[in-house]
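Okay, so here's the structure we're looking at.
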Amino acid sequence: MNAELKPDPSRENLDAFWMPFTANRQFKANPRLLARAEGMYYWTADGRQVLDGVAGLWCVNAGHGRREISAAVAGQLDTMEFAPTFQMGHPIAFELANRLASLAPPGLDRIFFTNSGSESVDTALKIAIAYHRARGAGQRTRFIGREKGYHGVGFGGISVGGMVNNRKIYGSSMLPGVDHLPHTLDLGHNAFSRGLPHWGMHLANDLERLIALHDASTIAAVIVEPISGSAGVVLPPVGYLKRLREICDKHDILLIFDEVITGFGRIGKAFASQVFDVTPDIMTTAKGLTNGSIPMGAVFSQRKIYDAMMQGPENAIELFHGYTYSAHPAACAAALATLDIYRNEGLLTRAATLSAAWEDAVHSLRGLAHVIDIRNFGLIGAVELEPRAGKPGARGYDVFVKCFERGVMVRQTGDVIAMSPPLIIEPAQIAHLVETLAAVIRDTG
Ligand SMILES: Cc1ncc(COP(=O)(O)O)c(C=O)c1O
């Protein structure tokens, strides 16, 4: 066994950690413990090498073990481990905001820092309402989300989100007045589309129906993920996002793109809005911002939003919102080092270079038993399996576990297997990932 790895803890030692989004009893009966990571690989606590097909959890875009990041964080902790950003500041917070503004889509150059995607989403929702109020439209408080949307786990995020398991027991506690667009996943029309599906742009027109129902004057913002990952990879039909933008513009409604997984190079440019050439009013990010090393999120707002809020007496706090750890110095140092890596290694555009080979690789799984759809864009891929009768998710779980046992980590949502590898992946590793998945699907009934 590798001397650097810690021994497998006993089963009893697993009890105290109430694991997130995990079947705790099932996991603790048969745990999968990761102990070390480098480049494209994890090593398990018992020393097995595992190819990372999901960039941790859609966040380790530059690959694991980046010493530039750990050195920057260690240096920052030695220099100043913490500084408040309420009525105080520290230089690298401003430096990071400027760096992010220079990468951002046009105009999105006012940056609010958070610690996670969920906090970014709740922050964006609050900014949207505050903005409308500041410009004299305080009745605009409704949000329109989308079915199958995932916007984290805060009460705001689950209210605009559309994943039933995350919402069903909190019905009466969610934000009032939220409505949802239909999702855009349609296997009947779009199964095995390569890249964006061509059918479904008209689904954006449902926004007009919701506006007619609620009246535009009550709606603050529409929030969608340009590509959703957590619901099992749902792609926007060609022209769909542009149509949403047009309708929002027509009715003076803000458009929020949740780029928590698409941000920082996942689909071939820094942000999905640049790939799709649709600029939102607010953009939420997290994950790849620090390569997953230190928790951090950032909300990008159009300057008009920030400017509208900068009114009243100069000593008045304009937005009563913030986190103790907004722009935490260690997170800022991690993010700056991460952005350096992305720039120096051309990683923000690498997915565009690899996407054709990636598409061919994932679509090579077509024809295997139980494969009912394959979806891809940038360095995102998903294979949807036919559910076993009466046991939704069981086949997907078996495939996920067997892949892990054979040294490949993928992500399972129900019967969808999602892949989103670090952007440093090499063609031979793409082949290994997909061939292992193919072998496992063949061996799984
Ligand atoms: C689109 C989107 N928004 C928000 C989140 C929540 O991020 P976090 O888990 O960092 O709170 C996620 C997480 O996967 C996400 O995919």
Side-chain angles (χ1 to χ4, degrees), residues 19-22 53-61 112-128 143 145-163 165-167 175 178 180-181 183-185 221-236 241 244 255-267 271-273 275-276 280 282-300 323 325-326 328 331 334-335 338 375 377-382 410-414 416 418-420:
M19 298 173 69
F21 278 121
T22 295
V54 276
L57 204 46
W58 303 76
C59 46
V60 187
N61 289 359
F112 197 102
F113 288 111
T114 72
N115 307 291
S116 67
S118 299
E119 288 180 0
S120 289
V121 166
D122 280 15
T123 298
L125 300 179
K126 290 174 79 173
I127 287 175
F143 294 108
R146 192 169 54 184
E147 297 163 357
K148 287 189 183 291
Y150 182 65
H151 300 292
V153 292
F155 277 103
I158 62 169
S159 304
V160 293
M163 292 179 68
N165 286 331
N166 300 352
R167 295 164 48 87
L175 295 183
V178 175
H180 292 76
L181 291 162
H183 67 75
T184 64
L185 185 64
V222 170
I223 178 168
V224 293
E225 304 149 275
I227 294 177
S228 52
S230 302
V233 178
V234 184
L235 301 170
L241 294 172
L244 281 188
L255 179 61
I256 305 173
F257 276 175
D258 185 347
E259 293 232 25
V260 166
I261 62 153
T262 49
F264 302 103
R266 178 54 50 202
I267 63 167
F271 300 103
S273 60
V275 175
F276 296 131
I282 305 178
M283 177 173 80
T284 53
T285 68
K287 296 200 189 248
L289 170 56
T290 59
N291 203 39
S293 61
I294 301 276
M296 185 178 223
V299 180
F300 296 61
Y323 304 94
Y325 301 126
S326 285
H328 189 285
T338 300
R375 304 186 276 278
F377 201 83
L379 264 184
I380 300 175
V410 294
R411 176 115 178 95
Q412 171 232 349
T413 307
V416 179
M419 293 169 286
S420 56

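Atoms within each ligand, like the ligands themselves, are counted from 1 in listed order.
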pair T284-F257: side-chain heavy atoms closer than 4.5 Å: no
If you define the side chain from C-beta out and look only at heavy atoms, does anything of S326 sit under 4.5 Å from F112? yes
For the residue pair S120 / T114, report whether a side-chain donor-acceptor contact shorter than 3.5 Å exists. yes
Around atom CZ of F276, are there more than 12 heavy atoms from other residues, nucleotides or ligands closer than 6.0 Å? yes
Output the set of protein residues with a heavy-atom contact under 4.0 Å to ligand 1, ordered first by chain identifier and then by residue number. S116, G117, S118, Y150, H151, G152, E225, S230, D258, V260, I261, K287
Heavy-atom pair of closest approach, residues L235 and I227: CD2-CG2, 3.8 Å
In terms of the angle between their ring planes, are F264 and F271 parallel, tilted or perpendicular, with boundaries placed at 30° and 60°? perpendicular
